[in-house]
Number of protein chains: 2
Amino acid sequence: MKKKRTNISDIAKAVQVTPSTVSRALNGGGKVSEKKKQEIISLAKKLGYRPNPIAKSLLENRTNTIGLIIPEFTHHFYSRMLAGIESITSNSGYQLLICTSNEDQSQEIKSIYTLLDARVDGVIATISKVNDTFGHLQEVMDNDTPLVLVDRFSEEIEAPYVISDDFQGAFSAVDHLCQIGCRKIVHIKGPDNLSTTFNRLMGYKEALRKHEIEWEEDLVLEGSNPDLEEQIKSCLETNLVDGAFAYSDYLAFEIYKVASQLKIHIPDQLAVIGYADEPISTYITPTLSTVNQQPFEMGAKAAQILLNQIENPEIPREFVSLPTELIIRKSIR
Amino acid sequence: MKKKRTNISDIAKAVQVTPSTVSRALNGGGKVSEKKKQEIISLAKKLGYRPNPIAKSLLENRTNTIGLIIPEFTHHFYSRMLAGIESITSNSGYQLLICTSNEDQSQEIKSIYTLLDARVDGVIATISKVNDTFGHLQEVMDNDTPLVLVDRFSEEIEAPYVISDDFQGAFSAVDHLCQIGCRKIVHIKGPDNLSTTFNRLMGYKEALRKHEIEWEEDLVLEGSNPDLEEQIKSCLETNLVDGAFAYSDYLAFEIYKVASQLKIHIPDQLAVIGYADEPISTYITPTLSTVNQQPFEMGAKAAQILLNQIENPEIPREFVSLPTELIIRKSIR
DNA sequence: CTGTTAGCGCCTTCAG
DNA sequence: CTGAAGGCGCTAACAG
């Protein structure tokens, strides 16, 4: 059994006043004689009194707690996002209640209700990859609990969101490849159905268009294809590919592997750009150029918007698309 | 303002009974006529009634919440540990309240008090690297809040802990190097003052002793040394080094860099083993052999011990040292 | 079987 | 300036 903590009436008894007076002395509400006030304050300190936030929560109908739902912790991207969120919330006196969904929508739904039960003051969520129902998210909003989506969003739900500008990120990467003279640029796509996959593909095409390069279907490969390695190999062999842009750093690494097999030199014969600035990108040889999505800033921004909504529910919803940053390393001449 | 949730007395009014009856009907305590019970249950469902855990917490003096303190999120090791912890707590109906210390003890202390204020039912903590005071941790225990240390521990505090067996991990790595014929094995040490640094060094020495190899001071380098690269270079040049064991995968990578400069072939001329099985270890060339500390299992075990302590405070403290796993990859013949 | 009462810790009226 | 009373939502003990 937990030891009983000293509470407000313990102090009241000791100083021979009522709990209300102690409350007033400690919180400054109303007038208390300076003498008693000092006495109460010093005793409180001596006894290590700390107000019970649970009682306050019950009274005020708020918990100073933010619920967070993310797919998982282990990708560097989400760790950084989490760190960004935490940097803001902890500075504002909010606690973080964290749930993972493992990209499984049924778990996401369960988590949402858990958080709602816990009476969190707001929710930040990265929705699962596969999603077809939005009632749980709608319920959060119907409950007047502010909700901010981060990294992924859906047209189905009218919550504020913070995402990364995938179109621009891809565009800047491929634009750079074109500028340094690449004319045959292969693209390895991400998983189907994700808006990020689509937007990065669009950015790729748009950059080609800008440089008046015809888009070729043969040069766009499916990253999820089980024999991706074969695909890359035959693509590199049959075309005079001089540039590559991958949906992720990990997929870019697949290109490295094949290039090494085919004795194609990176960056002299082939320039490569990945996506997400994973730690591996600075450890592989040659170091990989990539697009930084600024996950820390994404998390921080989402947290700021949420706290804003909590403290001022009337402000209009914000929809933020954060700019990306192209990082040039040795995979490019 | 948050919308008012339907509570127990809303239901009571609607069904014309008292709140206590509703409570009994919903929780099964005491006897309620089957008819009313059904009526109450169906109405509760219809109104979407969900009990307010805050009220229950106030009453029961427990919050079904676990506090967690970790240095940071971004190292893969902590992400995995976190995932391990979460896998256990979420299955047992506990929520996770997470704080980061950024390896700063003053922040760690602040976080501890925040968690104590939040009335968490237990605390899992990885203490900061630099630590010289333990009053805050003692206070957690004095408060009868179960505490489990994970990854790092201190003799100064008598809390149960779960750590990785660094001695055995290092021993198995160096033992393996000896077995494949290495006789001149360099070791790059970790940060001073960490027990892990010390224990891995001990494991290194013990393995050498087992194979009757004299320990040489010249072969042990400081990983934190700013001109580490130079040190490695001169060490590899002046000694006929044929094996290397590094405190971390990142430090092992420093050896890769120098070996490449000196045209020393890994693994033919030099066998290398790192530590921690970071993702980079499978992406660098050649893939790096390493020691897996099983962070997921560490987190899970710590969570299990904590939940045990919470539910059964009288059980004796456990002190767990988890075995490591040597992973052999292409950095070894 | 069901209602009443009391209390978890705190704060906020409302009286004095 | 300070005490008394009430209530946040819920449950447990005690009466009926």
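Quick caveat, the model's predicted, so the values are computed rather than measured. A, B, ... follow the sequence lines: proteins, then strands. Residue 1 opens every chain.
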(message) In the structure I gave you, are the side-chain heavy atoms of B:Ile66 and B:Leu307 within less than 4.5 Å of one another anywhere?
(response) yes
(message) Run B:Thr18 and B:Thr21 through side chain to side chain donor-acceptor pair (under 3.5 Å) and show every step you take.
(response) CA-CA 5 Å; B:Thr18 54; B:Thr21 306; 3.2 Å; yes
(request) Take the protein atom CD1 of B:Ile8 and the nucleotide atom P of D:dG7, then report the distance between them rounded to whole Å. (result) 17 Å
(message) Whether the A:Arg119 and A:Asn61 side chains hold a donor-acceptor pair (N or O, under 3.5 Å, no angle test) is what I'd like checked.
(response) no
(request) In whole angstrom, give the distance that lies between atom CD1 of B:Ile11 and atom C1' of D:dC10. (result) 12 Å
(request) Find the distance B:Arg62:CZ to D:dC10:P and express it as a whole number of Å. (result) 18 Å
Produce the list of close N/O pairs, under 3.5 Å, pairing protein atoms with atoms of nucleotides 12-16 of chain D; give distances to one decimal.
| unit_1 | atom_1 | unit_2 | atom_2 | d |
| --- | --- | --- | --- | --- |
| D:dA13 | N6 | B:Arg24 | NH1 | 3.4 |

(message) Can you measure A:Leu58 atom CG to D:dG7 atom P for me and round it to whole angstrom units?
(response) 14 Å
(message) For the CG atom of B:Leu68 and the OG1 atom of B:Thr100, what is their distance to the nearest 0.5 Å?
(response) 10.0 Å
(message) For a quick check under 3.5 Å, do A:Arg5 and A:Asn7 share a side-chain donor-acceptor pair by atom type?
(response) no
(message) Using whole Å, what does the distance between atom P of nucleotide D:dC10 and atom CZ of A:Arg119 come to?
(response) 7 Å
(request) Starting at CD of A:Gln304, measure out to CG of A:Asn308 and round the result to the nearest 0.5 Å. (result) 8.0 Å
(message) What is the separation between atom NZ on A:Lys35 and atom P on D:dC1, rounded to the nearest whole Å?
(response) 13 Å
(message) With side chain to side chain contact (heavy atoms under 4.5 Å, CB included) as the test, pick out the partner of B:Gln95 among B:Asn64, B:Thr65, B:Asp121, B:Thr63.
(response) B:Thr65
(message) Whether A:Asn7 contacts C:dC8 is assessed here as follows: a side-chain N or O lying under 4.0 Å from the phosphate OP1 or OP2. Is that the case?
(response) no
(request) Return the residues of residues 46-56 of chain A meeting this criterion: a heavy atom under 4.0 Å from some atom of DNA chain C. Order them by number, or give none. (result) A:Tyr49, A:Pro51, A:Asn52, A:Ala55, A:Lys56
(request) Please determine which of B:Thr89, B:Val120, B:Leu306, B:Ile85 meets the side chain to side chain contact (heavy atoms under 4.5 Å, CB included) test together with B:Tyr94. (result) B:Thr89
(request) Please state how far atom CG in A:Asn27 lies from atom C1' in C:dC10, giving the value in whole angstrom units. (result) 9 Å
(request) State whether B:Thr21 places a side-chain N or O below 4.0 Å from either non-bridging phosphate oxygen (OP1 or OP2) of C:dG3. (result) yes
(message) Within the structure provided, determine whether B:Gln105 and B:Thr133 are in side-chain contact (heavy-atom separation under 4.5 Å).
(response) yes
(request) Would you mind reading off the distance between A:Asp117 atom CG and D:dG9 atom C1', rounded to a whole angstrom? (result) 14 Å
